[in-house]
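These figures come from a predicted structure and were not determined experimentally. Numbers here simply count residues along the sequence, with the first being 1.
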Amino acid sequence: MEEYYQQQLLCLTGKVSPASRTAARECRCQWDSIAKPLNGLGEFENMICRIGAIQGTSQVRLGKRAVAVFCGDNGVTAEGVTQTDSSVTAVVTENFARGIASVNRMAALADVDVVPVDLGVAGEIREPGVRNCKIARGTGNIRREPAMTREQALAAIHEGIRLAGELHGSGYDILAAGEMGIGNTTTSGAIVSVMLGEPVEAVTGRGAGLSRAGLEQKIQVIRDAIALHRPDPEDPVQVLADLGGFDIAGITGFLLGGAIYRIPVVLDGMISLAAALLARKLCPLVTEYLLASHIGREPACKKALERLGLRPVICGDLALGEGTGAVMLFPLLDMACEVYGENPTFSEIRIEAYERFED
């Protein structure tokens, strides 16, 4: 199956084409015609143009949106890198389906559907509404063994691609990536360190709230894991298999699915950024289909965003996960899109348009 999954992945990513430059130019022309200062909404104008380029039209659509929350447990929690044990993953995963987790509260206000996905939760999930795509009951302890087999990594990537395609087929206009997995700032920290070529201590933070001693332990665990597996950043599937989690694998596929099916995907914090680095290595054009919501508290976030060439618009020191930072972006996009689509133009109010000067 590994060879089949690999061939299918190459086939799918090989079909990805650049976002529409024509639509992007049309969006920019529309912004410039609106009766307001040029670039008055800054990066939000660029985001609307980016969405238009992805959708292939200047008639930008944000009406139907969802956040997919990929859930999985990480064996590295056995190394004391978190405050809580892995049982929390199952509890919160079921809370997504019950509609009582943090992301649910925020998504309800932002008119965003929440889609929880069990890719590798160790516990039994009984709550209806959680998609059962379980690859295994959690990953291996990356300090002692690979997180998963290469075949499992590819299978989880394909689950993410499949979900993006399904949501696209159901008429969703824009998606967001979320996650839940105790220990996943350790796995994502390891991936980011390898993919960016950065020292572990430069990209590793306290996650959900470690003490100084806990942070030092986490850094050492990641160092040991990288030294054990010696992953090659040119082989992102193996990096994922050695160091990652099923949540990261699912998001990697989901981001690739956004590019394959031409639907914009909003990134959240460090875990989705780790996935984005893997996805970009698998398909360089994937970054044209991504939007950065915020710059998270983990030190890896700034470095990863810079490498991806993405600019976040929310600087709130966020570290909640679940896709909450990504969901925060939607009301801001709604407001920008309202100006874009409904404001009068200079000609309509009969005043002279601003002139654009190039530096």
Side-chain angles (χ1 to χ4, degrees), residues 62-74 83-134 137-138 156 159-160 162-185 208 245-248 250-251 253-254 257-258 263-272 275 291 293-294 296 314 316 318-335:
L62 298 176
K64 190 174 183 182
R65 52 271 192 107
V67 55
V69 188
F70 294 91
C71 307
D73 274 303
N74 300 282
Q83 280 198 38
T84 58
D85 62 53
S86 63
S87 65
V88 174
T89 303
V91 172
V92 178
T93 298
E94 291 193 330
N95 285 346
F96 294 140
R98 295 188 182 111
I100 60 174
S102 299
V103 72
N104 298 97
R105 306 300 193 192
M106 297 165 68
L109 289 174
D111 194 25
V112 178
D113 295 331
V114 178
V115 183
V117 183
D118 174 11
L119 275 176
V121 179
E124 190 70 32
I125 301 299
R126 297 183 175 87
E127 188 69 25
V130 177
R131 290 171 181 248
N132 182 6
C133 303
K134 198 188 294 284
R137 292 184 179 276
E159 289 293 346
R162 188 176 298 113
L163 179 59
E166 178 186 330
L167 294 174
H168 175 260
S170 297
Y172 282 89
D173 299 309
I174 186 169
L175 304 173
E179 43 64 37
M180 177 59 206
I182 299 301
N184 62 10
T185 60
F246 291 120
D247 51 353
I248 299 172
I251 295 173
F254 196 62
I263 183 167
V265 184
V266 181
L267 299 173
D268 190 33
M270 181 174 175
I271 289 81
S272 63
L291 300 172
S293 58
H294 72 103
I314 301 170
L318 305 179
L320 178 53
E322 302 181 8
T324 51
V327 167
M328 277 188 175
L329 181 63
F330 285 107
L332 298 173
L333 289 176
D334 286 340
M335 287 185 276

**OP:** Decide yes or no on side chain to side chain donor-acceptor pair (under 3.5 Å) for Asn74 and Asn184, but give the supporting numbers first.
**Re:** CA-CA 7 Å; Asn74 300 282; Asn184 62 10; 5.6 Å; no
Subject >> Interatomic spacing from CZ in Phe254 to OG in Ser272 - rounded to 0.5 Å >> reply: 11.0 Å
Subject >> Pairwise distance CE(Met180) to OG1(Thr93) - rounded to 0.5 angstrom >> reply: 6.0 Å
Original post:
For Leu267 and Ser293, which heavy atoms make the closest approach, and how far apart are they?
Top reply: O-OG, 2.6 Å
Subject >> Criterion side chain to side chain contact (heavy atoms under 4.5 Å, CB included) against Phe70, the qualifying member of Leu119, Val115, Ile271 >> reply: Leu119
Original post:
Hey, are the side chains of Asp118 and Arg131 touching, using non-hydrogen atoms and a 4.5 Å cut-off?
Top reply: no
Original post:
Are Arg137 and Glu124 within salt-bridge range, i.e. N to O under 4.0 Å?
Top reply: yes
**OP:** Over all heavy atoms of both residues, which pair between Gly257 and Ile263 is shortest? Give the atoms and the distance, please.
**Re:** O-CG2, 4.5 Å
Which pairs of donor and acceptor atoms, one on a side chain in residues 320-328, lie under 3.5 Å apart (sequence neighbours left out)?
residue, atom, partner, partner atom, Å
Glu322, OE1, Ser102, N, 3.4
Glu322, OE1, Val103, N, 3.0
Thr324, OG1, Gly321, O, 2.7

Original post:
At what distance, to the nearest 0.5 angstrom, does CD1 of Ile125 lie from CG of Asn132?
Top reply: 9.0 Å
Original post:
What are the two closest non-hydrogen atoms of Glu127 and Arg98, and how far apart are they?
Top reply: OE1-NE, 3.3 Å
**OP:** Apply the test side-chain contact (heavy atoms from CB on, under 4.5 Å) to residues Phe330 and Val67: give CA-CA distance (whole Å), side-chain angles for both, the deciding distance (0.1 Å), then the verdict.
**Re:** CA-CA 11 Å; Phe330 285 107; Val67 55; 5.8 Å; no
Original post:
Donor-acceptor pair, Asp268 side chain versus Met270 backbone, under 3.5 Å?
Top reply: no
Subject >> Arg65 bridged to Asp334 by N-O distance under 4.0 Å >> reply: yes
Subject >> Non-hydrogen atoms of Glu159 and Cys133 that approach each other most closely >> reply: OE1-SG, 3.7 Å
**OP:** Could you give me the CA-CA distance, side-chain angles and deciding distance for Val130 and Phe96, then say whether side-chain contact (heavy atoms from CB on, under 4.5 Å) is met?
**Re:** CA-CA 8 Å; Val130 177; Phe96 294 140; 5.8 Å; no
Subject >> Test item: Glu179 side-chain N/O and Ile251 main-chain N/O as donor-acceptor pair under 3.5 Å >> reply: no
**OP:** First locate atom CG of Leu62, then atom CD1 of Ile174, and finally report the distance between them rounded to the nearest 0.5 Å.
**Re:** 5.5 Å
**OP:** Not counting sequence neighbours, which residues clear side-chain contact (heavy atoms from CB on, under 4.5 Å) with Gln83? List them please.
**Re:** none
**OP:** Report the C-alpha separation of Val112 and Met106 in whole Å, then their side-chain angles, then the decisive distance to 0.1 Å, and conclude whether the side-chain contact (heavy atoms from CB on, under 4.5 Å) test is met.
**Re:** CA-CA 8 Å; Val112 178; Met106 297 165 68; over 6 Å; no
Subject >> N/O donor-acceptor pair under 3.5 Å between Thr89 side chain and Asp73 backbone >> reply: no
Subject >> Minimum heavy-atom distance Ala97-Gly129, with the two atoms named >> reply: CB-C, 4.1 Å
Original post:
Got a second to check how far Leu167's CG is from Arg162's CZ, nearest 0.5 Å?
Top reply: 12.5 Å
Original post:
Ignoring hydrogens and geometry, is there a side-chain-to-backbone donor-acceptor pair from Lys64 to Ser170 under 3.5 Å?
Top reply: yes
Original post:
What heavy-atom pair brings Gly138 and Phe246 nearest, and what distance separates the two atoms?
Top reply: O-CE1, 3.5 Å
**OP:** State the CG-CG distance between Leu109 and Asn104, to the nearest 0.5 angstrom.
**Re:** 11.5 Å
